[in-house]
Amino acid sequence: MDLPTQYRPAEVEGRLYERWVQAGLFTADPARDPSRPPFCIVIPPPNVTGSLHVGHALDHSIQDALIRRRRMQGYETLWLPGTDHAGIATQNVVERELAKEGLSRHDLGREAFVERVWRWKAESGGKILGQMRRLGDSVDWTREAFTMDEQRARAVRTIFKRLFDDGLIYRAERIINWCPRCLTALSDIEVEHAEREGELVSIRYGDGDTEIVVATTRAETMLGDTAVAVHPDDERYRHLIGKEVELPLTGRRIPIVADEHVDPSFGTGAVKVTPAHDPNDFEIGRRHSLPSITIMDERGVITAQGPFEGLDRFEARPAVVAALREQGRIVKEVRPYTHSVGHCQRCSTVVEPRVSLQWFVKVAPLAKAAGDAVRDGRVKIHPPEMAARYFEWVDNMHDWCISRQLWWGHRIPVWYGPNGETVCPGPDEEPPAGWTQDTDVLDTWFSSALWPFSTLGWPDRTPDLERFYPTSVLVTGYDILFFWVARMMMFGLYAMDGVEPFKVIALHGMVRDQYGKKMSKSFGNVVDPLEWIDRYGADATRFTLLRGANPGGDVPVAEEWAQGSRNFCNKLWNATRFALMNGAHVRGDLPAEGLSSADRWILSRLQKVIAEVDEHLEGFEFAKACETLYHFAWDEVCDWYVELSKVQLGDERAEVTRRVLGEVLDKLLRMLHPLIPFVTEELWTSLTGEETVVTAPWPAADERWIDKEAEAELESLQRLVTEVRRFRSDQGLKPGQKVAAALRFGDSPLAAHEQGIRSLLRLTVPGEGFAPTASLPVEGVTVELDTAGAIDVAAERKRLEKDLAAARKEVEQTRRKLDNADFLAKAPEAVVAKNRARLAQAEADIARLESLLAALPKA
RNA sequence: GGGCGCAUAGCUCAGUGGUAGAGCACUCGCCUUACAAGCGAGGGGUCGCAAGUUCGAUCCUUGCUGCGCCCA
């Protein structure tokens, strides 16, 4: 086997991935061996316009780790990929393309435009799917789905019809969030609130006895006011309730009404009421049967007759204020005034609340069921603390506005007759001839909410659906727990007769930079996972993300950390390279005889690591699993076992050592495979001669190999070696410099390791005329060294004094405890014994150190 | 305003009612025949502040301060 000294991921990743896909290793078969338990994850479908960002990379690394481990454990696994059609985003992309040709979608007409979007999708959409291959995602490409493909369209038609017939979908005139740029309704969750600097203007309405001052951040909407509201208990205004005031600039007279929802402490305690342009005012208007006057068109341009007609809403605001000021009606102006403003998630335009006719899902019964599934424990949220957020959302959900005034999307399957009749045909039914279909399309989330079962073939009772529903776990960021996850829960429970769409919801956090800052383009701290894959490899990218992934927690990453992960992969590469160069193998059972205590130690440690890693991965503790494996591989296997094996490989223990080395690397690489699939595949197949590690059995801990004695012995050896290295370092002896030394073991079991110790410490056997200049007693062994010259007494004294100070502090601390009668009486026996042992050890250390100091020549 | 969470090494984070940990960064020394993407050694923390419970608190309780997130 001829491996280069450095691992070059670019040379193996593409080749291995292709081989995996060609071999069908990721393809699920519901008919294969029914005794295998199913394990299924549906991918949170990325936006078809999107490309792989570091958040996806984290999400996918976690899912791939879960699915690959289950595959090795013998589950029938399915990780189902796909994309969503992203109504607004995709339409925007194609409209921008058209704009370059000087066209709008209206120039093409609806049918041609939609065709054009499909063409765009075929040519440029779904870039992310190719990028997922580079990450190593072991998804089943034969089942790739799209929220607008034929099967998913059937699912949408089917569930819409059922909800419609059950009275859970209705059409009504309501105030909704409207984007004046995208020209569509938005649901609550598509609106992002952000602090903005605006103004708070106080305006005097009415005159003389019936005047009242209202404060507003949106002066222009006063043109559509139809009332002023005060709190019923507010003494300041009680005498005005029921009276009318003149609305400035318009000459209209509007009533003063009493409403409990008015906050008397805000502003003047009196609020203007504009039912057509504010959701709270809309409610007040309904309670008091107020008229609703729309003063803007769908683009936010003032339509109210008068001098402001034709002005944009943001031009109208100062114009209205100026006109009021001229009339002496401005009482107070606070500027800047910071307040929360809703923006369109897709284009950042300030959202305009607008009264319009829209379709809604009546969520109350669905949300109740979605909450109960978690309350009853049928669906587990991990980590459990996150459940609070989930309940907060599902228990307070507003009806969901599902209609969008777009062309790209599932068109609402409702047709209108010539006399205003309405019909909702099923997926296999035709609407009556000549009737016209509703022009709106459905919110993208409506089809995404069907994802866990539409991708498995619903509404048909397919073998996939039978075998894999409910899915095993949903992996996603806590940021979309409510809007996407809650919706899948609602629709899954509804469509699948009360069976939940997934058993576990595993949440992770956001990827952040090394200072814990959110990544943002404007801040310039965004990591492109594809660049990391190019520079450090997919494995290093994945390991960096997984290493930071604590359940529900944010994941900080940095370039240096990716380098560290790359280094780790390289370390594995070189450890395996060493093993192969020395004939390591996995043939036959581990020998029961002839194992050194080093062999028994590493095998014992291996079992514990297997058990720990298993526990961590079961609990979605990826950071801990990574930490355990990293530490074992680097600090135990490479730093100690491989070094000790060098001696064993040179004597009669060579054959046994080859088998043990092979054993340790075999299991280690298998455990690492779900986390870093490429390098482990390359190394494991070389080591074992097997076809692939993808379907190799997941290691199981074997308690028979646990060996406490060997562990204690090796720990003792490590302390001995470290102590002598410390002396060498203090004395300025170069690491490679050979030093003659005599080792006096007495009755220490470390005698068996003499050659190993000499090798680790570069100590040669003393020859004629050996004259030691230093003697180190440690771990019951005396090491006498000939440092070939006078030793650095000052350095040695410094070292010994430091150790002595630490030992004295230890004595002081433990003695204080042991002198305390309460401690002796109340502390558990084990704790007392432990402290007694510590005291004895520290006292022995003091004696040893003092005698060493006394023996040092005077400076 | 309501709810939740967090304060531990220079940075990012683990952690436990009984001797403070990791990675990276830092200092010193090394091309030691798997690996300089490496090896060896080392420095660095009154565990946010104050009080309480306890034989014992970084950990439990309360208050304070600072920070973050979600919702309105």
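Just so we're on the same page: letters track the sequence lines, and every chain starts at 1. Just so it is clear, the values below take in all heavy atoms, side chains as well, and ignore hydrogens, waters and symmetry mates.
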A.B. asks: P atom, B/G10 versus B/C6: distance in rounded Å?
C.D. replies: 22 Å
A.B. asks: Quantified in whole Å, what is the P atom distance between nucleotide B/G66 and nucleotide B/U61?
C.D. replies: 22 Å
A.B. asks: Relative to the 5' end of RNA chain B, which residue comes earlier, A/Glu392 or A/Asp554, by the nucleotide with the nearest heavy atom?
C.D. replies: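 Nearest-nucleotide comparison on RNA chain B picks A/Asp554.
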A.B. asks: If you measure from the P atom in B/G45 to the same atom in B/C64, how many Å do you get, rounded?
C.D. replies: 31 Å
A.B. asks: Measure the distance from CE on A/Met397 to C1' on B/C71 and round it to the nearest whole Å.
C.D. replies: 14 Å
A.B. asks: Taking N or O atoms only and anything under 3.5 Å, show me the protein contacts with nucleotides 27-34 of chain B, one pair per line.
C.D. replies:
{"residue": "B/C30", "atom": "OP1", "partner": "A/Lys734", "partner atom": "NZ", "Å": "3.4"}
{"residue": "B/U32", "atom": "O2'", "partner": "A/Arg762", "partner atom": "NH1", "Å": "3.3"}
{"residue": "B/A34", "atom": "OP1", "partner": "A/Lys646", "partner atom": "NZ", "Å": "3.2"}
{"residue": "B/A34", "atom": "O3'", "partner": "A/Arg577", "partner atom": "NH2", "Å": "3.0"}
{"residue": "B/A34", "atom": "O2'", "partner": "A/Asn574", "partner atom": "OD1", "Å": "2.8"}
{"residue": "B/A34", "atom": "O2'", "partner": "A/Arg577", "partner atom": "NE", "Å": "3.2"}
{"residue": "B/A34", "atom": "O2'", "partner": "A/Arg577", "partner atom": "NH2", "Å": "2.4"}
{"residue": "B/A34", "atom": "N7", "partner": "A/Lys646", "partner atom": "NZ", "Å": "3.4"}
{"residue": "B/A34", "atom": "N6", "partner": "A/Cys638", "partner atom": "O", "Å": "3.1"}
{"residue": "B/A34", "atom": "N6", "partner": "A/Glu643", "partner atom": "OE2", "Å": "3.2"}
{"residue": "B/A34", "atom": "N3", "partner": "A/Asn574", "partner atom": "O", "Å": "3.1"}
{"residue": "B/A34", "atom": "N3", "partner": "A/Ala575", "partner atom": "N", "Å": "3.4"}

A.B. asks: Scan A/Tyr7 against the nucleic acid and name what it touches under 4.0 Å (heavy atoms): base, sugar-phosphate only, or nothing.
C.D. replies: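 If one applies the 4.0 Å heavy-atom cut-off, A/Tyr7 turns out to touch a base.
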A.B. asks: Do A/Phe632 and A/Val664 make a side-chain contact, defined as non-hydrogen atoms from C-beta onward lying under 4.5 Å apart?
C.D. replies: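 Sidechains of A/Val664 and A/Phe632: in contact.
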A.B. asks: So, does A/Arg566 get its side chain near the phosphate of B/A37, meaning an N or O under 4.0 Å from OP1 or OP2?
C.D. replies: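 Looking at the OP1 and OP2 atoms of B/A37, neither is under 4.0 Å from any side-chain N or O of A/Arg566.
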A.B. asks: For B/A14 versus B/A22, give the span between their P atoms, rounded off to a whole number of Å.
C.D. replies: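 These two P atoms come out 16 Å apart once rounded.
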A.B. asks: Side chains of A/Glu682 and A/Tyr7 only: does a donor on one sit below 3.5 Å from an acceptor on the other?
C.D. replies: no
A.B. asks: What is the distance, to the nearest angstrom, from the CG atom on A/Leu546 to the P atom on B/C13?
C.D. replies: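 For the pair A/Leu546 CG and B/C13 P, the rounded distance is 17 Å.
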A.B. asks: Between B/C55, B/G23, B/U12, spot the one nearest the side chain of A/Tyr515, thanks.
C.D. replies: B/U12
A.B. asks: Have a look at A/Ala827 and say if it touches a base, only the backbone sugar-phosphate, or nothing, with a 4.0 Å heavy-atom cut-off.
C.D. replies: base
A.B. asks: If you check the A/Arg389 side chain, which of B/C70, B/U12, B/C55 turns out closest?
C.D. replies: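 Ranking B/C70, B/U12, B/C55 by closest atom to the A/Arg389 side chain puts B/C70 first.
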A.B. asks: Just checking, is any N or O donor in the side chain of A/Tyr630 or A/Asp635 under 3.5 Å from an acceptor N or O on the other one?
C.D. replies: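 A/Tyr630 vs A/Asp635: no donor-acceptor pair found between side chains.
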A.B. asks: How would you label the contact of A/Glu810 with the nucleic acid (heavy atoms, under 4.0 Å): base, sugar-phosphate, or nothing?
C.D. replies: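 Since a base atom lies under 4.0 Å of A/Glu810, the category is base.
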A.B. asks: Measure from CG on A/Leu545 to P on B/U12 and round the result to the nearest Å.
C.D. replies: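 Going from A/Leu545 (CG) to B/U12 (P), I get 18 Å.
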A.B. asks: Rounding to an integer number of angstrom, what distance separates B/G1 and B/C59 when you compare their C1' atoms?
C.D. replies: 33 Å
A.B. asks: Distance-only, no hydrogens or angles: does the A/His382 side chain make a donor-acceptor pair with backbone N or O of A/Gly619 under 3.5 Å?
C.D. replies: yes
A.B. asks: Name the residue closer to the 5' end of RNA chain B, choosing between A/Arg725 and A/Gln813 according to the nucleotide with the nearest heavy atom.
C.D. replies: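 The residue closer to the strand's 5' end, by nearest nucleotide, is A/Gln813.
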A.B. asks: Taking atom P in both B/G40 and B/G23, compute the distance separating them and give it to the nearest angstrom.
C.D. replies: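 12 Å, rounded to whole Å.
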A.B. asks: Are side-chain N/O atoms of A/Asp599 and A/Gln648 paired as donor and acceptor at under 3.5 Å?
C.D. replies: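 Yes - a donor-acceptor pair under 3.5 Å links their side chains.
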A.B. asks: Just by distance, no angles: are the side chains of A/Tyr641 and A/Glu636 close enough, under 3.5 Å, to form a donor-acceptor pair?
C.D. replies: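 Short answer, no.
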A.B. asks: Taking A/Glu392's backbone N and O only, do any of them form a donor-acceptor pair with A/Asn396's side chain (distance below 3.5 Å, no angle check)?
C.D. replies: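 Here the side-chain-to-backbone pair exists.
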A.B. asks: Counting the atoms with a prime plus P, OP1 and OP2 as sugar-phosphate, which does A/Arg816 contact under 4.0 Å by heavy atoms, base, sugar-phosphate, or nothing?
C.D. replies: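 Counting heavy atoms under 4.0 Å across all strands, no contact is made by A/Arg816.
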A.B. asks: Report yes if a donor N or O on one partner sits less than 3.5 Å from an acceptor N or O on the other, where the partners are the side chain of A/Gln6 and the base of B/A37; otherwise report no.
C.D. replies: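 Answer is yes: a donor-acceptor pair is held.
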A.B. asks: With respect to the phosphate group of B/C35, does any side-chain polar atom (N or O) of A/Asn567 fall under 4.0 Å of OP1 or OP2?
C.D. replies: no
A.B. asks: Out of A/Arg815, A/Arg848, A/Arg838, which one pairs with A/Glu843 under the side-chain hydrogen bond (donor to acceptor under 3.5 Å, both in side chains) rule?
C.D. replies: A/Arg815
A.B. asks: In whole Å, what is the span from the CZ atom of A/Phe391 to the C1' atom of B/C71?
C.D. replies: 17 Å
A.B. asks: Given Watson-Crick or G-U pairs with both distances under 3.5 Å, what dot-bracket string fits RNA chain B, with | for other-strand pairs and [ ] for crossing?
C.D. replies: (((((((..((((....[..)))).(((((.......))))).....(((((..]....)))))))))))).
A.B. asks: Measure CE/A/Met519 against P/B/U12 and give the value in whole Å, please.
C.D. replies: 14 Å
A.B. asks: Side chain of A/Lys624: nearest nucleotide among B/G23, B/G15, B/C39?
C.D. replies: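 From the listed options, B/G15 comes nearest.
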A.B. asks: What distance, rounded to whole Å, do you find between the two P atoms, one in B/U8 and one in B/A50?
C.D. replies: 16 Å
A.B. asks: Given the P atoms of B/A7 and B/U16, what is the spacing between them in whole Å?
C.D. replies: 12 Å
A.B. asks: Are the side chains of A/Pro551 and A/Phe622 in contact, using a 4.5 Å heavy-atom criterion?
C.D. replies: no
A.B. asks: Is it the case that the base of B/A41 and the side chain of A/Arg726 share a donor-acceptor contact (distance under 3.5 Å, atom types as modelled)?
C.D. replies: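 Check fails, no donor-acceptor contact within cut-off.
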A.B. asks: Calculate the interatomic distance between A/Glu560 atom CD and B/A37 atom C1'; express it in whole Å.
C.D. replies: 14 Å
A.B. asks: Please find the pair of heavy atoms, one from A/Val721 and one from A/Leu761, that lie closest to each other, and give the distance.
C.D. replies: O-CD2, 3.5 Å
A.B. asks: Choose from B/A14, B/U19, B/A22 the nucleotide whose nearest atom is closest to any side-chain atom of A/Glu627.
C.D. replies: B/A22
A.B. asks: Write down the distance between CG (A/Asp513) and C1' (B/A25), rounded to a whole number of angstrom.
C.D. replies: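 The answer, rounded to whole Å, is 16 Å.
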A.B. asks: Does a donor on one side chain sit under 3.5 Å from an acceptor on the other, for A/Thr657 and A/Ser645?
C.D. replies: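 The criterion, which ignores hydrogens and geometry beyond distance, is not satisfied for A/Ser645 and A/Thr657.
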A.B. asks: Base, sugar-phosphate or nothing for A/Asn820? Non-hydrogen atoms, less than 4.0 Å.
C.D. replies: sugar-phosphate
A.B. asks: Heavy atoms only, 4.0 Å cut-off, all strands: where does A/Asn835 land among base, sugar-phosphate and nothing?
C.D. replies: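 No contact at all - A/Asn835 keeps every heavy atom at 4.0 Å or more from the nucleic acid.
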A.B. asks: Taking the side chain of A/Asp822 as its heavy atoms from C-beta onward, which of B/C24, B/C55, B/C35 lies nearest to it?
C.D. replies: B/C55
A.B. asks: Between A/Asn570 (CG) and B/G38 (C1'), how many Å, whole number?
C.D. replies: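 The distance from CG of A/Asn570 to C1' of B/G38 comes to 9 Å, rounded to the nearest Å.
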A.B. asks: Is it the case that the side chain of A/Asp554 and the backbone of A/Met510 share a donor-acceptor pair, with hydrogens and angles ignored and the cut-off at 3.5 Å?
C.D. replies: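 Such a contact is found between A/Asp554 side chain and A/Met510 backbone.
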A.B. asks: How would you label the contact of A/Arg728 with the nucleic acid (heavy atoms, under 4.0 Å): base, sugar-phosphate, or nothing?
C.D. replies: nothing
A.B. asks: Where the side chain of A/Asn550 is defined as all heavy atoms beyond and including C-beta, which of B/G2, B/C55, B/C13 is the nearest nucleotide?
C.D. replies: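 Per side-chain heavy atoms of A/Asn550, the pick is B/C13.
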A.B. asks: Just by distance, no angles: are the side chains of A/His585 and A/Glu663 close enough, under 3.5 Å, to form a donor-acceptor pair?
C.D. replies: no
